[in-house]
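Working notes, beginning with the structure itself.
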Number of protein chains: 2
Amino acid sequence: MGRRATTRRIGIADVALKAGVSHATVSRVMNGNFTVDPAIAERVKAAATELNYQPNPVGRSLALGKTDTIGIVVPDLSNPTFQAILRGLSMAAAQDGYRVLIADSSEVSSEEAILAGEARRRCDGLVLCAPRMSDAELEELAPSLHPMVLINRSTMDTKAPSLMVDYGQGIQELAEHLVGLGHTQLAFLAGPERSASNGLRLQGLDKFKAAHPEIDLRMLDAGSSFEAGHESVDSVLASGATGVMAFNDLVAMGLLSGLHERGVRVPEDISVTGFDDIPFSRYTTPTLSTAAVPINELGQQAWHRMRDLIRNVSPDAGNEGPTIFLPRLEVRGSTGPVRAERRAG
Amino acid sequence: MGRRATTRRIGIADVALKAGVSHATVSRVMNGNFTVDPAIAERVKAAATELNYQPNPVGRSLALGKTDTIGIVVPDLSNPTFQAILRGLSMAAAQDGYRVLIADSSEVSSEEAILAGEARRRCDGLVLCAPRMSDAELEELAPSLHPMVLINRSTMDTKAPSLMVDYGQGIQELAEHLVGLGHTQLAFLAGPERSASNGLRLQGLDKFKAAHPEIDLRMLDAGSSFEAGHESVDSVLASGATGVMAFNDLVAMGLLSGLHERGVRVPEDISVTGFDDIPFSRYTTPTLSTAAVPINELGQQAWHRMRDLIRNVSPDAGNEGPTIFLPRLEVRGSTGPVRAERRAG
DNA sequence: GAATAGTGAGAAAGCGTTTTCTCACCGCGT
DNA sequence: ACGCGGTGAGAAAACGCTTTCTCACTATTC
């Protein structure tokens with residue numbers, strides 16, 4: 001039973017009454033069905049505007065079996081990367097008249113499945129952004145979430161498109177860049193253990209090590225935040241590295257800040273790289289060399305894949321397998337040639 | 001008529017059938033109604049879990065007249081301030097089992113009314129964040145949007161709580177801070193004209209001028225972005241100001257970056273302040289003196305007001321008028337005493 | 001002029017729930 | 001033994017829409 005303690009909101013029945021037609025006809029008129037006599041249609045429209053009638057979306061959703069809404073679940077809404085994806089997704093979806101419902105799992109992987117399920121039931125589709133859950137769990141969940149698109153994660157379920165960034169390739173390019181500048185002692189500030197993208201970076205660095213046995217590459221634990229970078233100053237200095245690759249731009253900026261406090265000059269004494277190319281990285285002092293991830297495009301692509309999924313069941317032919325985005329090396333002020341005395345040393 | 005071309009999703013009827021009861025009873029069990037025989041309840045629960053039944057939220061919403069969802073419309077999702085508000089709102093709402101639907105007006109004020117209306121109809125309430133629309137339009141729209149809470153804007157409609165930041169007070173404190181350091185030539189990099197918060201800053205500076213007729217305060221047009229700050233370097237240098245207040249932290253960071261490129265030292269040659277205290281402001285070089293806006297609290301408060309509105313019609317007694325948040329002066333590295341020769345000159 | 005096709009609108013079913021209404025049944029008291 | 005309050009579950013209405021089904025009425029054709 002409906003509530004309606006207060007003054008009922010104005011519904012299709014009111015319009016029908018005022019226009020002297022059945023509510024079926026009102027519905028037809030509102031949906032631009034042309035089997036209605038123009039004169040009557042006019043009368044209905046007049047009544048509708050006069051009563052300021054707006055169809056109730058919940059009723060419509062129930063009848064139509066769709067909500068014109070998609071959900072997105074992210075691990076942490078305070079992360080600029082996820083914010084950017086959300087934004088790209090939201091803007092692109094809005095173009096097609098869709099809204100987005102957000103769910104933040106706060107990095108609690110056990111919450112993800114529940115949030116995802118709930119969001120999915122309320123929406124026409126779901127974007128799962130860098131889920132922290134295990135592969136097994138993801139695999140099990142995937143079918144029940146369809147239509148779904150994955151970001152930075154993939155699944156056997158071929159019905160779920162997946163958008164991935166090749167972090168492994170990106171980190172290798174950064175490493176090569178540093179080597180090209182003469183650095184032989186490198187360090188990597190690693191991100192969260194559960195992060196799949198951190199795993200990809202590590203794999204990339206393994207390849208790099210294999211290709212450059214002469215380079216000394218240390219792995220240092222950090223995290224994904226400013227603070228993590230800031231707190232890593234000591235371990236970085238202790239490592240003796242002259243080229244430091246941070247997990248992402250945030251970590252790099254924290255490190256930059258910490259090094260500045262210690263009076264260590266960048267890039268004269270130490271070169272630093274980030275990852276992601278968040279907007280702020282152009283404005284640090286010095287500006288940050290990084291691997292640019294086409295993040296806006298990612299959100300937009302996520303919507304396009306989703307749209308294909310919703311509209312028909314046939315994605316653009318040959319859409320098997322994940323779409324891979326290649327990071328682009330962005331050389332700025334935080335990397336430079338290794339100092340002569342150090343190179344000599 | 002419902003679609004169901006594909007395999008029907010499992011509904012309450014299926015559970016009823018399997019448990020050999022009516023769907024009314026299933027509903028009762030699912031909602032913890034204790035007027036059901038424990039034995040039957042057990043049977044129903046078993047059937048539900050076996051079929052992996054999850055109630056359809058759309059059907060529920062229609063029957064219950066509520067969606068457990070609130071909407072937020074923001075002018076620009078790429079603005080860190082709005083991102084932070086969204087986050088605070090989303091987290092707080094999630095605590096109470098509510099979700100949030102987002103709408104980005106892309107700073108197009110004519111879109112706001114439509115977006116707001118659509119979002120409102122889909123949700124149980126609406127947060128209107130720094131709307132760009134005119135006072136008249138807001139006033140007209142307000143009643144139809146109730147329950148609604150406003151951020152950085154207010155209305156005659158007493159039913160709509162409003163959360164405001166006292167930008168006027170904050171900018172005055174920043175100006176006083178600079179004066180206290182010996183600066184007598186100040187400049188303000190103004191934000192977007194349509195922004196109400198920019199207006200408040202200007203009003204605050206008018207008061208400041210009245211209180212300090214001896215201080216030379218120039219108004220310079222900038223904007224609200226990094227780029228705006230970066231492009232203001234020339235006009236700042238031309239103004240001869242030794243203390244510059246930027247519209248917000250982003251503009252300040254752009255300016256910092258531009259000054260650094262020119263070899264102008266901060267704070268030795270010029271002091272710079274921001275506004276907002278976005279996370280990045282702790283990590284610029286030098287760290288940024290700013291007026292801290294309790295942004296997370298803002299989003300959370302927005303939810304609490306909304307919750308009061310939704311739950312009953314009686315907000316905590318004496319909740320008339322807007323809630324005002326006072327920015328807190330945050331002195332960091334970008335401001336310092338005016339140079340001796342300049343003070344002398 | 002009558003049969004037929006065509007047009008347009010109302011009646012009603014359906015979407016998936018919740019909740020009121022109704023009633024069968026059980027046990028209790030007199 | 002009969003009635004009565006209480007309990008618990010099914011029938012059905014309601015939420016607000018869309019769409020199929022049906023049918024009345026008009027226009028067309030031989």
Side-chain angles (χ1 to χ4, degrees), chain A residues 1-45 47-48 51 53-68 118 120-124, chain B residues 1-45 47-48 51-68 118 121-124:
Chain A
M1 295 258 119
R3 285 311 59 75
R4 278 319 96 2
T6 66
T7 54
R8 277 208 330 94
R9 214 183 170 74
I10 165 131
I12 204 172
D14 306 282
V15 181
L17 195 67
K18 184 169 193 95
V21 298
S22 73
H23 62 277
T25 300
V26 175
S27 171
R28 281 189 271 258
V29 172
M30 296 306 290
N31 295 349
N33 185 323
F34 290 114
T35 70
V36 180
D37 184 312
I40 296 189
E42 216 39 61
R43 222 164 68 220
V44 170
K45 279 185 202 154
L51 294 175
Y53 168 69
Q54 308 278 152
N56 175 328
V58 180
R60 272 194 112 232
S61 290
L62 188 58
L64 257 21
K66 66 192 196 111
T67 60
D68 290 351
E118 286 198 344
R120 175 60 190 83
R121 250 167 279 133
R122 286 195 144 70
C123 301
D124 298 346
Chain B
M1 295 258 120
R3 288 304 61 75
R4 282 313 98 6
T6 65
T7 55
R8 274 208 336 91
R9 211 181 173 75
I10 162 130
I12 203 172
D14 306 282
V15 180
L17 194 67
K18 185 170 193 92
V21 298
S22 72
H23 61 278
T25 299
V26 176
S27 171
R28 281 189 272 258
V29 172
M30 297 305 291
N31 296 354
N33 185 324
F34 289 115
T35 71
V36 180
D37 184 314
I40 296 191
E42 217 39 62
R43 221 166 68 221
V44 170
K45 279 186 203 154
L51 294 175
N52 192 23
Y53 166 69
Q54 309 278 151
N56 176 328
V58 180
R60 275 195 111 230
S61 290
L62 187 59
L64 257 20
K66 67 192 197 115
T67 60
D68 290 350
E118 285 198 345
R121 250 167 279 131
R122 285 193 146 70
C123 301
D124 298 345

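Below, read A as the first sequence line, B as the second, and so on, with proteins coming before strands; counting in each chain starts at 1. Note: hydrogens, waters and symmetry copies are ignored here, and every other heavy atom, side chains too, is used.
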Practice item. Tell me which of R28(B) and P57(A) sits closer to the 5' end of DNA chain D, going by the nucleotide each one is nearest to. Key: R28(B)

Just how far, in rounded Å, is [atom2] of [N] from [atom1] of [X]?
{"X": "D68(A)", "N": "dT18(D)", "atom1": "CG", "atom2": "P", "value": "12 Å"}
{"X": "L62(B)", "N": "dG14(C)", "atom1": "CG", "atom2": "C1'", "value": "12 Å"}
{"X": "E42(A)", "N": "dA9(C)", "atom1": "CD", "atom2": "C1'", "value": "17 Å"}
{"X": "D14(A)", "N": "dC15(D)", "atom1": "CG", "atom2": "P", "value": "11 Å"}
{"X": "M30(B)", "N": "dT19(C)", "atom1": "CE", "atom2": "C1'", "value": "17 Å"}
{"X": "K66(B)", "N": "dT17(C)", "atom1": "NZ", "atom2": "P", "value": "16 Å"}
{"X": "R122(A)", "N": "dG16(C)", "atom1": "CZ", "atom2": "P", "value": "16 Å"}

Nearest to side-chain heavy atoms of [X], which nucleotide of [options]:
{"X": "R60(B)", "options": "dT17(C), dG10(D), dT19(D)", "value": "dT17(C)"}
{"X": "A63(A)", "options": "dT19(C), dG16(D), dA12(C)", "value": "dG16(D)"}
{"X": "N56(A)", "options": "dG16(D), dT18(C), dG10(C)", "value": "dG16(D)"}
{"X": "S22(B)", "options": "dG10(D), dG16(D), dT18(D)", "value": "dG10(D)"}
{"X": "H23(B)", "options": "dA12(D), dC17(D), dG10(C)", "value": "dA12(D)"}
{"X": "L64(B)", "options": "dC17(D), dG16(D), dT19(C)", "value": "dT19(C)"}

Closest heavy-atom pair and its distance - [X], [Y]:
{"X": "R122(A)", "Y": "D68(B)", "answer": "NH2-CB, 3.8 Å"}
{"X": "R43(B)", "Y": "G20(B)", "answer": "NH2-O, 3.8 Å"}
{"X": "V15(A)", "Y": "V44(A)", "answer": "CG1-O, 4.1 Å"}
{"X": "V36(A)", "Y": "V29(A)", "answer": "CG1-CG2, 4.0 Å"}

Check your understanding: When we call it a touch if two heavy atoms are under 4.0 Å apart, what does V21(A) touch: a base, just sugar-phosphate, or nothing?
Key -> sugar-phosphate

Exercise for review: Select base, sugar-phosphate, or nothing to describe what T25(B) touches, counting heavy atoms under 4.0 Å on all strands.
Suggested key: sugar-phosphate

Review point. Just to confirm, is there a sub-4.0 Å distance from OP1 or OP2 of dC17(D) to any side-chain nitrogen or oxygen of Y53(A)?
Key: yes

Practice item. Enter the distance from T67(B):OG1 to L62(B):CG here, rounded to the nearest 0.5 Å. Key: 12.0 Å

Point to revise | R9(A) CZ to Q54(A) CD distance, which is reported to the nearest 0.5 Å | key: 8.5 Å

Study note, to complete from the structure: Ordered by number, residues from residues 31-40 of chain A within less than 4.0 Å of DNA chain D (heavy atoms) are N31(A)

Review point. Is any side-chain heavy atom of S27(A) closer than 4.5 Å to a side-chain heavy atom of I12(A)?
Key: yes

Exercise for review: On DNA chain C, check which nucleotide each of V58(B) and G20(A) is closest to and give me the residue with the more 5' one.
Suggested key: G20(A)

Practice item. Return the set of residues passing side-chain contact (heavy atoms from CB on, under 4.5 Å) with N56(A) (not counting sequence neighbours), or none when no residue passes. Key: V58(A)

